[in-house]
Colleague: 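I'd like to ask you about the structure that follows.
These numbers come from the heavy atoms of this one structure, side chains and all, not from hydrogens, waters or symmetry mates.
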Amino acid sequence: LEMEASLADRIFDQQDTAVRSLMRFAGTVASVEYLNERECRETAEQINSVLADAKWSTFGGPKEDQFFAGVVVSIGSKGFRDAARSTPAAIMELMRVSEQSRIIAAELVTLLNASGITARTHASDDRFPPEELVIRVGAKPNTWASKMPLAEHGLTVRGNRFTFSRPLRP
């Protein structure tokens with residue numbers, strides 16, 4: 001059963017609870033990016049649906065970059081490099097917005113984890129301003145496979161997929 005559960009698609013449980021909690025952050029802008037695979041796309045669509053119901057503004061789509069396993073939520077940091085040339089008031093506002101985004105990101109990660117979707121926060125993303133979140137949906141972490149000594153059998157795991165590095169013998 002543990003193996004079956006680790007291979008099953010992710011399901012965002014408790015969506016109504018998540019929507020109610022995230023509504024207090026209505027108007028938040030988020031880029032929802034996902035590994036261009038069916039299960040990642042469907043997970044991203046579930047997350048995007050909750051965010052839309054919570055009156056967030058989302059954009060994004062499939063990406064071919066490298067992804068961490070699970071869902072990773074970052075805040076934007078664009079503009080921090082130029083902050084040294086700004087006024088103290090502008091720097092304080094940048095920091096205030098960034099801190100608010102961190103609070104929102106932490107709440108989203110808590111809700112995702114409570115609903116059965118493995119999520120965590122990660123370093124900031126300098127492609128976006130600090131008032132925007134970046135939600136990256138990678139392959140589902142395979143907890144069952146991570147406990148197995150698969151390498152000695154010529155197997156590697158990426159998300160829910162097994163790769164054979166040598167021919168299987170009958």
Colleague: Indicate if Val73 and Val134 have the same hydrophobic cluster label, given that clusters are the connected sets of ILVMFWY residues with side-chain heavy-atom separations under 4.5 angstrom.
Modeller: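 Each belongs to a different hydrophobic cluster.
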
Colleague: Begin with the C-alpha distance, continue with both residues' side-chain angles, and end with the deciding distance and a verdict on side-chain contact (heavy atoms from CB on, under 4.5 Å) for Cys40 and Arg10.
Modeller: CA-CA 9 Å; Cys40 297; Arg10 292 172 277 195; 3.9 Å; yes

Colleague: Could you check whether Arg96 pairs with Glu93 (Lys NZ or Arg NE/NH1/NH2 to Asp/Glu carboxylate O, under 4.0 Å)?
Modeller: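 Yes, Arg96 and Glu93 are salt-bridged.
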
Colleague: Mind checking whether Ile91 and Ser86 have side chains closer than 4.5 Å, heavy atoms only?
Modeller: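 Side-chain contact under 4.5 Å: yes.
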
Colleague: Is Val29 reachable from Val32 through a run of I, L, V, M, F, W or Y residues, each pair having side-chain heavy atoms under 4.5 Å apart?
Modeller: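 Different clusters: Val32 never reaches Val29 through Ile, Leu, Val, Met, Phe, Trp or Tyr contacts under 4.5 Å.
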
Colleague: Quick check for you: to the nearest 0.5 Å, what is the distance between Glu131 atom CD and Lys78 atom NZ?
Modeller: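 So the CD of Glu131 and the NZ of Lys78 are separated by 10.5 Å.
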
Colleague: Using a 3.5 Å distance criterion without hydrogens, assess whether the side chain of Ser98 forms a donor-acceptor pair with backbone atoms of Leu94.
Modeller: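 Answer holds: no.
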
Colleague: Quick one: does Asn113's side chain have a donor or acceptor within less than 3.5 Å of a partner on Ala119's backbone?
Modeller: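 Checking the backbone N and O of Ala119 against the side chain of Asn113, a donor-acceptor pair under 3.5 Å is found.
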
Colleague: Are Phe128 and Leu133 grouped together when hydrophobic residues (ILVMFWY) are joined by side-chain heavy atoms under 4.5 angstrom apart?
Modeller: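 No, it is not one cluster - the side chains of Phe128 and Leu133 are not joined through contacts under 4.5 Å.
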
Colleague: How many angstroms lie between OG in Ser74 and CG in Asp126, if you round to the nearest 0.5 Å?
Modeller: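 One gets 10.5 Å once the value is rounded to the nearest 0.5 Å.
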
Colleague: Could you check whether Glu39 and Thr43, counting side-chain N and O atoms only, form a donor-acceptor pair closer than 3.5 Å?
Modeller: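 A pair is found: one side chain offers a donor N or O, the other an acceptor, under 3.5 Å apart.
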
Colleague: I need the full list of ring pair (Phe, Tyr, Trp, His ring centres under 6.0 Å) pairs touching residues 88-123, with sequence neighbours left out, sorted by first then second residue.
Modeller: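 Sorted pair list: Phe68-His122.
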
Colleague: Applying side-chain contact (heavy atoms from CB on, under 4.5 Å) to Glu33 and Val137, what does each step give before you reach the verdict?
Modeller: CA-CA 6 Å; Glu33 304 172 350; Val137 181; over 6 Å; no

Colleague: Nearest 0.5 Å, what's the CG-CZ distance between Asn48 and Arg41?
Modeller: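 So the gap between those two atoms works out to 13.0 Å.
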
Colleague: So does Met23 have more than 12 non-hydrogen atoms from other groups sitting under 6.0 Å from CE?
Modeller: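 Enclosed.
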
Colleague: Applying a strict under-4.5 Å side-chain criterion to I, L, V, M, F, W and Y, I'd like to know whether Ile11 and Leu22 cluster together.
Modeller: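 No, it is not one cluster - the side chains of Ile11 and Leu22 are not joined through contacts under 4.5 Å.
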
Colleague: Under 3.5 Å, side chain of Thr110 to main-chain N/O of Ala106, donor-acceptor pair present?
Modeller: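 Checking the backbone N and O of Ala106 against the side chain of Thr110, a donor-acceptor pair under 3.5 Å is found.
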
Colleague: What's the spacing between Ile75 CD1 and Glu132 CD if we round to 0.5 Å?
Modeller: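 Taking CD1 in Ile75 and CD in Glu132, the distance rounds to 11.5 Å.
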
Colleague: Between Asp65 and Arg136, does any NZ, NE, NH1 or NH2 come within less than 4.0 Å of an OD or OE carboxylate oxygen?
Modeller: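 Counted as a salt bridge, because a side-chain N and a carboxylate O are separated by less than 4.0 Å.
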
Colleague: State, without any angle test, whether Ser21 and Glu107 hold a side-chain donor-acceptor pair at a distance under 3.5 Å.
Modeller: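 Their side chains do contain a donor-acceptor pair, which is all the 3.5 Å distance test asks for.
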
Colleague: Pair Leu51, Ile135 - check side-chain contact (heavy atoms from CB on, under 4.5 Å), show working.
Modeller: CA-CA 11 Å; Leu51 300 179; Ile135 303 162; 3.6 Å; yes

Colleague: I'd like to know if the side chain of Thr118 and the backbone of Gly70 have a donor-acceptor N/O pair within less than 3.5 Å.
Modeller: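 No.
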
Colleague: Check step by step if side-chain contact (heavy atoms from CB on, under 4.5 Å) holds for Arg102 and Thr121.
Modeller: CA-CA 9 Å; Arg102 283 186 217 298; Thr121 56; over 6 Å; no

Colleague: Where does the angle between the aromatic ring planes of Trp56 and Phe25 fall among parallel (under 30°), tilted (30 to 60°) and perpendicular (over 60°)?
Modeller: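 The rings of Trp56 and Phe25 stand perpendicular, inter-plane angle above 60°.
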
Colleague: Just by modelled atom types, is the Ala30 backbone N or O under 3.5 Å from a matching donor or acceptor in the Thr58 side chain?
Modeller: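 Answer holds: no.
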
Colleague: Is there a donor-acceptor pair closer than 3.5 Å between any side-chain N or O of Gln46 and the backbone N or O of Phe12?
Modeller: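 A pair under 3.5 Å: yes.
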
Colleague: Count I, L, V, M, F, W, Y as connected when their side-chain heavy atoms are under 4.5 Å apart, and connections chain through other members. Are Leu35 and Leu112 then in the same cluster?
Modeller: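 Per the 4.5 Å side-chain linkage, Leu35 and Leu112 are not co-clustered.
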
